[in-house]
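Order of appearance sets the numbers: ligands from 1, and atoms from 1 within every ligand.
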Amino acid sequence: MSTYKRYDLLILGSGSTAFAAAIHAQDLGKTAVMTEGRTLGGTCVNRGCLPSKNLIEAARLVYDAAHPRYPGLTPAQLDVDFPSLIAQKDEVIHEYRDQHYASIVDDTDEEGQPPIEVVPGQVAFVDPHTVEVTAPDGTSRRLTGEEVLIATGSSPLIPDIPGLAGTPYLTSDLLTSQEGMELTELPRSLLILGGGYIALELGQMFARFGSQVTLVTRGPSILSGYEPEIAESLTEILREEGLQIITGAQARAVRREGDGVALSVSLHGSSRTFTAEQLLVATSRRPNTQDIGLERVGVALDEAGAVRVDQHLRTSVSHIWAAGDVIGRETESQMATPVGAHDGKIVAHNALSAEQPRKVDHTVIPRTIFTDPQIAVVGLTDEEANARGIECSCNTIPLSVVPRAGAIRDTRGVIKMVLERPTRRVVGVSMLGVNAGEVIHEAAMALRFRATTDDFIDLIHVYPTMAEALKLVAISFTKDVNRLSCCAS
Ligand SMILES: Cc1cc2nc3c(=O)[nH]c(=O)nc-3n(C[C@H](O)[C@H](O)[C@H](O)COP(=O)(O)OP(=O)(O)OC[C@H]3O[C@@H](n4cnc5c(N)ncnc54)[C@H](O)[C@@H]3O)c2cc1C
């Protein structure tokens, strides 16, 4: 075991949360060290956001070529060479990781600030200021920190289904590179367990590359927690594309069958079995709080196994902080990269700076599901507003009323707005439609500044854009949007 080294900030993990904290520590002239048991950069860059969005776009090109929306364009069948697609994905990821992660560590910044260090290996607390990092070759090293940040992220949650442990299955780790679980061959058929964003993004992607996809979820619909109009509309779109979507199914058993897998479910009182070449388990994610010695240092967890934090992201131990996926829904957080990065910086500030501590504010977090069309949401759903006792009113309009959607022959989707009725303040927006992930930023800024429907209506929007959907849905509370001329006026 090598010598101790004491850092101002000791970080468990090296994902986007950890990096944001380490970079801000460096800006403050403090020493920081990260630890990493897998690949530098964490989930987003290596096996989450970036690889999925790279391949999803390739799948969209394949689909659009085969299904041109314009009469006059002849459908074209693009050959899908899946191993080559995976190779280019790995290349893009390696390049991005080198540029945005690897190049930052062990390097002093321009003003000669202390370097950010990374120690590879599995990390666990030994005492409240000390961790032990065990490298793949079995050697270990202890690190100490004046302040400590837990940023160990989350992992796929594997449900307890009889037979699953003895059957080969995939998780979202199939997107990874340089690790054994990377998927390099396109499955002929794919059974997906789950109805959340990962199941939907990957399900549509594989179907577009040519796999026969069956998505099985136990909820009454896909996307629990989202507006029902959005879930219904996306279900219809995906079914039209050829995905089989089974809802209300309780998984009972999994077994190998021939070269593939069989999943037995109970469905509305009867038994059904679905088979496919591969099974992808995408049911949920759990915070990485096991096996890191939290019990030794007294860091409290919530019922979901996430690290409990206060509004300053301080855990139950005063010099230990937590941020990113590992805090789950604490402080109404969301498991998403920009949330962790935003909060990692707040931790570095609160832990290391003499200035006034900052509180997190998770009331406005725009989110996107990168299906085609995209789903984007911000603020409260109808149900959430009601649960909070907000006297609200809601309207949903189809995107067929948006001039741009008609002009580009893609009218799929809907937009829903939730208002606080007495003040007409907008408290939530959900959209399924082309470029929804871009449009949602206008709504997010509006929520941040407590805008009303009049603010959306008074704002001159670029014509013709999908952002006009926001203006139109705001107008729809008082007028029939089918009876407007150009520019929603
Ligand atoms: C398929 C998929 C698609 C996604 N798409 C998006 C998207 O489009 N947009 C978006 O915003 N978010 C997306 N996400 C979520 C996003 O990836 C996460 O919210 C984000 O990466 C969390 O960052 P983090 O730093 O908190 O944790 P992570 O990035 O997971 O980093 C934690 C690191 O800690 C390491 N670690 C854990 N335990 C130990 C230990 N004991 N010892 C040593 N190291 C350890 C892990 O190996 C990991 O590298 C996606 C996730 C998945 C799985």
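In this structure, atom 6 (C) of ligand 1 lies nearest to the protein heavy atom Cys49 SG, 3.3 Å. Atom 27 (O) of ligand 1 has its closest protein heavy atom at Gly153 CA, 3.2 Å. Residue, atom and distance of the protein heavy atom nearest to atom 51 (C) of ligand 1 are Tyr197 OH, 3.3 Å. Atom 43 (C) of ligand 1 has as its closest protein heavy atom Gly37 N, 3.1 Å. Here the protein heavy atom with the shortest distance to atom 3 (C) of ligand 1 is Gly48 C, 3.4 Å. Atom 40 (C) of ligand 1 has its closest protein heavy atom at Gln122 OE1, 3.3 Å. Residue, atom and distance of the protein heavy atom nearest to atom 21 (O) of ligand 1 are Cys44 N, 3.2 Å. Residue, atom and distance of the protein heavy atom nearest to atom 29 (O) of ligand 1 are Thr43 N, 2.8 Å.
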Derivation and outcome, side chain to side chain donor-acceptor pair (under 3.5 Å), residues Asp127 and Thr130: CA-CA 5 Å; Asp127 66 48; Thr130 311; 2.9 Å; yes

Apply the test side chain to side chain donor-acceptor pair (under 3.5 Å) to residues Ser154 and Asn288: give CA-CA distance (whole Å), side-chain angles for both, the deciding distance (0.1 Å), then the verdict. CA-CA 5 Å; Ser154 65; Asn288 289 330; 5.8 Å; no

Please walk me through it: do Gln122 and Asp291 pass side chain to side chain donor-acceptor pair (under 3.5 Å)? CA-CA 9 Å; Gln122 286 299 315; Asp291 308 324; over 6 Å; no

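Taking 4.5 Å as the limit, every side-chain heavy atom of Ile116 sits out of range of all side-chain heavy atoms of Thr31. Inter-residue side-chain proximity for Val427 and Arg388 is flagged as unmet; no heavy-atom pair is nearer than 4.5 Å. Side-chain contact between Val131 and Leu12: present, with at least one pair of heavy atoms (C-beta onward) separated by less than 4.5 Å.
At a heavy-atom distance under 4.0 Å, only side-chain atoms of Ser172, from C-beta outward, approach ligand 1. Counting heavy atoms closer than 4.0 Å to ligand 1, residue Thr152 contributes atoms from both its backbone and its side chain. Residue contacts with ligand 1 for Pro156 are absent, since no atom lies close enough (heavy atoms, distance under 4.0 Å). Looking at Glu36 against ligand 1, both its backbone and its side chain come within 4.0 Å, counting heavy atoms. For Leu175, every heavy-atom contact with ligand 1 shorter than 4.0 Å involves the side chain, none the backbone. Contact annotation for Asp325 and ligand 1: heavy atoms of both the backbone and the side chain come within less than 4.0 Å of the ligand.
Short contacts between ligand 1 and Gly121, defined as distances under 4.0 Å to a heavy atom of the residue, involve ligand atoms 42 (N), 43 (C). Annotation for ligand 1: atoms under 4.0 Å from non-hydrogen atoms of Ile292 are 41 (N).
Taking the six-membered ring for Trp and thresholds of 30 and 60 degrees, His319 and His129 have nearly parallel ring planes, at less than 30 degrees apart. Below 30°, between 30° and 60°, or above 60°: for Tyr96 and Tyr101 the angle between ring planes is between 30° and 60°, a tilted geometry.
Backbone and side-chain nitrogen or oxygen atoms of Lys53 are examined, and one is located within less than 3.5 angstrom of a nitrogen or oxygen of ligand 1. For a threshold of 3.5 Å applied to N or O pairs, the pair formed by Val123 and ligand 1 contains at least one separation below that value. Ligand 1 has no nitrogen or oxygen under 3.5 angstrom from a nitrogen or oxygen of Asn288. For Glu201, no nitrogen or oxygen atom sits less than 3.5 Å from a nitrogen or oxygen atom of ligand 1, counting backbone and side chain alike. Of the N or O atoms in Thr337, one or more lie within a sub-3.5 Å distance of an N or O in ligand 1.
Checked by atom type and distance alone, the side chain of Thr368 never pairs as donor or acceptor with a backbone atom of Phe370 at under 3.5 Å. Of the possible donor and acceptor atoms, one in the side chain of Glu330 sits under 3.5 Å from a partner among the backbone N and O of Val309. A donor-acceptor distance shorter than 3.5 angstrom exists from the side chain of Asp310 to the backbone of Arg314, with no hydrogens or angles considered. Side-chain atoms of Glu277 do not come within 3.5 Å of backbone N or O of Pro187 as any donor-acceptor pair.
Surrounding NE2 of His342 are at most 12 heavy atoms belonging to other residues, nucleotides or ligands under 6.0 Å away.
The heavy atom nearest to atom 32 (C) of ligand 1, considering only Gly42, Ser333, Gly340, Ala151, is found in Ala151. The nearest non-hydrogen atom to atom 23 (O) of ligand 1, considering only Ser16, Gly15, Ala336, comes from Ser16.
Contact analysis leaves Asp291 out of contact with ligand 1, as no non-hydrogen atom separation drops below 4.0 angstrom.
Remark: Arg296 fails to qualify as a cation-pi partner of Phe125 under the 6.0 Å distance and 45° angle criteria applied to the six-membered ring.
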